[in-house]
Structure formats: C-alpha cells, structure tokens
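Remarks on the structure that follows.
A note on names: the letters A, B, ... follow the listed sequences, proteins ahead of strands, and every chain is numbered from 1.
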Protein chains: 2
Amino acid sequence: MDAYQYIKKAILHGEFPPKMRLTEEYLAKEIQISRTPIREALKKLESEGLIVSLKRGVRVRHFTKKDILQIYDLRKLLEGYAAAQASIHRTDSDLEEMEGANEEYGNVIHHHFKTGDSTIEDILERNQRFHECIIKASQNQHIYSHISKVVVLPLIFRSFYWFNEDQMRYSYNVHNTILKAIKEKDMERARASMHEHIYHGRDQVLLHIHDVDQEYSPT
Amino acid sequence: MDAYQYIKKAILHGEFPPKMRLTEEYLAKEIQISRTPIREALKKLESEGLIVSLKRGVRVRHFTKKDILQIYDLRKLLEGYAAAQASIHRTDSDLEEMEGANEEYGNVIHHHFKTGDSTIEDILERNQRFHECIIKASQNQHIYSHISKVVVLPLIFRSFYWFNEDQMRYSYNVHNTILKAIKEKDMERARASMHEHIYHGRDQVLLHIHDVDQEYSPT
DNA sequence: TTTTATCAATTTGTATACAAAATGGCAATA
DNA sequence: TATTGCCATTTTGTATACAAATTGATAAAA
C-alpha cells in the first residue's frame, strides 16, 4: 500500500500538518498516481483516525487534550488486558520471543546513544515489536485490529524524539518488569505494570503539547 | 452506503453463508452497480471482520468458538469500561436518554410478542441504541470506532438468540440494573453488571453453534 | 506416476472520463 | 447593508477500459 504509506509518513513528519485540508486530486498529483488508490488510502487513514473526512476533501486530524486522554485510556485497557492474558497463556517460546524483542530494544537504544548507528525510527520499531509480542502471547488475535487506532499518538507527537537516554533505559526496564510478571504468571502485576507503562507514555505526550484554547497540536 | 448495506444484509441473513467466496464482478452484477463502490464496501466489511480477503476475491467469514470467546472478551472490556465511565460522567440528560432508550426497548419487546407489530430487527435496533447511549454517557467518544468490530456476533447468530420472550424480558431487566448502578454512580457495580450482561449474551451465542471440528457457523 | 512448464481464463489493480454534488462568489433585491 | 438566489468552479462518486497478477488445467518431461 504505497499511497497509504506516503500520506501517513507525510502526516507523521509534519509535512501535512494538523488541520491541513487535502483533496484527492492534489494527492494524486503529489504522489504521481491516479485517484483510485488515493481514495483507498484515505479510507484506511480515516479508520485509523489520522484524518477526518469533510464533505469535500479530508482534513489532517488535530488531537485535543481530551482526545489524548481518551485514546490512552483505551490503549491502557487493551494492552493491560493483553498483558494479563499473556501471563495466563504464554508459552515458553512466547517468553523467548518477548525477551528477545526487548533485548533488541535495549540494543538499539545503546547503539543510538553510543555509536549513533541506530536511528530513533529503529528504536520506535523495536518498541512496537515488543508490544506486539505481548499481544501475540495473549492468544487473542482480535486485539490486533483494535491496536492501530490507539498507537498513533506517540508517533504523531513524536514523543520518542524528546526522550533522553535515561528515559529510554527506564522504558526498557519497565518492559522487563512486565516480562517478569508474565513469566511468573502474575496476572494482576502484569496488568498493573502495563497500565503504568502506558500512562507514563501518555504523560510524555501531554508534556509536549502546547496549550491553545483547548486545542493541541504536535510540536 | 448502499452496496455496503446490501452485502452486509445478505451476510447477516445467510444469503451469503460463511465461507462463501465472493468476487467483485459477481457482486457488481448482483447489485447492479459498478465495481468501484463494491470495492469500498468490501474494504469496510473487512475492517468490521465480516469478510476476509483472499488473493482473488473475498470470503464470508466463519467464526470459530475461539473467535467468539475472544471477541466477547474484548466487548466485555470495552463496554464494561463504558459503563464504568458513564457512572462517573453521566449527566441528568444522559440518564433520561438511557432510561428512555431502555423503555423503548421494553416496548418493542412487548409489541413483538403481544401484537406482532414490531419485528426482531426493531428489537435489535433498540438494544443497540441502549448500548450506544451508555457509550455516549461515558464521555469517551473514541469507543465508538472500536465497537463496530465487537457487535457483529449477535447479529450473525441472531436467529436463535432473540426468539425467546423470557430471555428478552430478562435482558431488559439487566439493562435496568446497569442503569441503576450508573444513576447511583456505583462504578464497580456498573462495570460488573455490564460484564455479566455481555457474558450472558456470549453464552447464548455459544449455545447455538454447532460443533464441527473446531469450526462453527450460524445455523 | 509425479513433477514441472506453459498458457488461457479469471479476477483484481489502476487510470481516466464523465456525472453528480458541494462550494463560493456575484448580482439582484429588500 | 444584509440577504437571497443563481451560476461557474471545484471536488467527489461512479462507470468502464485496460494492465497486472493469480489460478487452474493441460501437456511435456523425468
């Protein structure tokens, strides 16, 4: 899905900033492709909540503080449930996979700050991979289809770009706390530590919004 | 969205039964419309989980017992959260609306069984309306976009779920229990009664699937 | 017999033209 | 000046033609 990737990237990189109006024809010219695949891309982006459709054209979504609180509430709910289920259902190979994913996460963090040969994008990717491993281990495959709507916020607000090394290491350590609870089949601890982890991420996003009459945009 | 409604209805009414393969061209001829709107409809139906796409064409989804358990788990999570939040945030006008919706629900049930001038569709619609009122009162508008994926099961399996007057009256009474908890701002009771309500619905679906080598379809 | 290669048929993906709907501005009117 | 109605422009919705991909069957080769 090429047009989709292009537009999503442009939104996340701020080239199409919040509230910008986009028309199919404009995007078709921009991406050098016909309107048909553009339309499909827009439908998908709308279902992810990155754009809202108008009567003519669409608008890049801007998120209010209320949106952020509400979406993170849902993410907490879903990922907390995933962690709890994972603590019940995880197999040994699930455990290996989750631990491997978090080690990778730790590695790219290290490389990014020490040698500089890993990018923030690499870190983001490994982080996402870790969270996906937990969902996989939860044995409820239906969670996947809900997740895409609740994970866009840190991408849009690029909160990872504001993290220093200590904060990233902290996040790596919290992952290990979650893993330990899952490994020991401590369901409520798994849920609680995941909840706390998500709330912490939420607060990072909240820190970096600027407050203009109840409306907030990424910086 | 016309093609969408047509196909959805056909799936829910069993005219396109589970595992049936559908091609764009076939549907275009069937509905007397070009392939373009068909494609959009199929994308939407896929995102709701009613069909799965193949490399050529799509297939009407069939739900396994595992699917049913997993989807109802997520529904329990989302609607339980909605009820809990509603018990915190509900305004007086929210309360009126919810109570009104459930009275309507009780009325169409009565009419359906006594005078016969309400259809099962009417009942289903009022039930859905009641659940939507709770989400509205929860003050987390983002729940809506997740709900469509978790409410299809009782629709697909509806023929048996909704045929018994006692069951329906019971369901109406449970709604009132949920409402009472929300009215009294008893958050955990609101959540618990909603959880129980969803589980009860799940069990009705499970009762009426037939068990053929781990695969289940509506009868 | 089993496997592989090839080709025709089916079906989706993309481009494009035209129809239908929404918008904004301008002129006429109160 | 403010308001209404009309029309040109913009933009989406739909149909359709053609290109690309997938499939299944048939025939050739091991």
Can you list, by residue number, the residues of residues 21-29 of chain B that have a non-hydrogen atom closer than 4.0 angstrom to DNA chain D?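 Heavy-atom cutoff 4.0 Å gives no residues at all.
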Want to settle it: does A:P37 or B:G57 sit nearer the 5' end of DNA chain C, counting the closest nucleotide to each?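 The residue whose closest nucleotide sits nearer the 5' end is B:G57.
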Atom [atom1] of [X] and atom [atom2] of [N]: how far apart are they, to the nearest Å?
X: A:L54; N: D:dT11; atom1: CG; atom2: C1'; result: 12 Å
X: A:I33; N: D:dA19; atom1: CD1; atom2: C1'; result: 14 Å
X: B:L42; N: D:dT14; atom1: CG; atom2: C1'; result: 16 Å
X: B:I38; N: D:dT14; atom1: CD1; atom2: P; result: 11 Å
X: B:E46; N: C:dT12; atom1: CD; atom2: P; result: 13 Å
X: B:R59; N: C:dT11; atom1: CZ; atom2: P; result: 16 Å

Side-chain heavy atoms of A:L78 within contact of B:L74, under 4.5 Å: yes
Atom pairs under 3.5 Å, N or O on each side, protein against nucleotides 21-24 of chain C: can you list them with distances?
| residue | atom | partner | partner atom | Å |
| --- | --- | --- | --- | --- |
| C:dA22 | N3 | A:R56 | NH1 | 3.4 |
| C:dT23 | O4' | A:R56 | NH2 | 3.3 |

For [X], enumerate each residue passing the salt bridge (Lys or Arg N to Asp or Glu O under 4.0 Å) test, keeping only those at least two apart in sequence or located in another chain.
X: B:E46; value: none
X: B:D122; value: none
X: A:E15; value: none
X: A:D73; value: none

Partner residues of B:H13 under the side chain to side chain donor-acceptor pair (under 3.5 Å) criterion, sequence neighbours left out: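 Side chain to side chain donor-acceptor pair (under 3.5 Å) check on B:H13 returns B:R158.
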How would you list, by chain and number, every residue that makes a side chain to side chain donor-acceptor pair (under 3.5 Å) with A:R202, sequence neighbours excluded? none
Which residues satisfy the ring-ring contact (aromatic ring centres under 6.0 Å, His included) test with B:H142, sequence neighbours excluded?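 Counting only residues at least two positions away or on another chain, B:H142 forms no ring-ring contact (aromatic ring centres under 6.0 Å, His included).
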For A:H200, all residues meeting ring-ring contact (aromatic ring centres under 6.0 Å, His included), sequence neighbours excluded: A:Y170
The dot-bracket string of DNA chain C, counting Watson-Crick and G-U wobble pairs with both distances under 3.5 Å, using [ ] for crossing pairs and | for pairs to another strand, is ||||||||||||||||||||||||||||||
Restricting to pairs with a member in residues 135-157 of chain B, which pass salt bridge (Lys or Arg N to Asp or Glu O under 4.0 Å), not counting sequence neighbours?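 Qualifying pairs: B:E97-B:K136.
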Nearest 0.5 Å, please: how far is CD1 in A:I71 from CD in B:Q141?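 Answer rounded to 0.5 Å: 11.5 Å.
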Side-chain N or O of A:S34 versus OP1/OP2 of C:dA15: is the shortest distance under 4.0 Å?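 Yes, within the criterion.
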Given D:dA17, D:dT14, C:dA15, which nucleotide is nearest the side-chain atoms of B:R35?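 Looking only at side-chain atoms, B:R35 lies closest to D:dA17.
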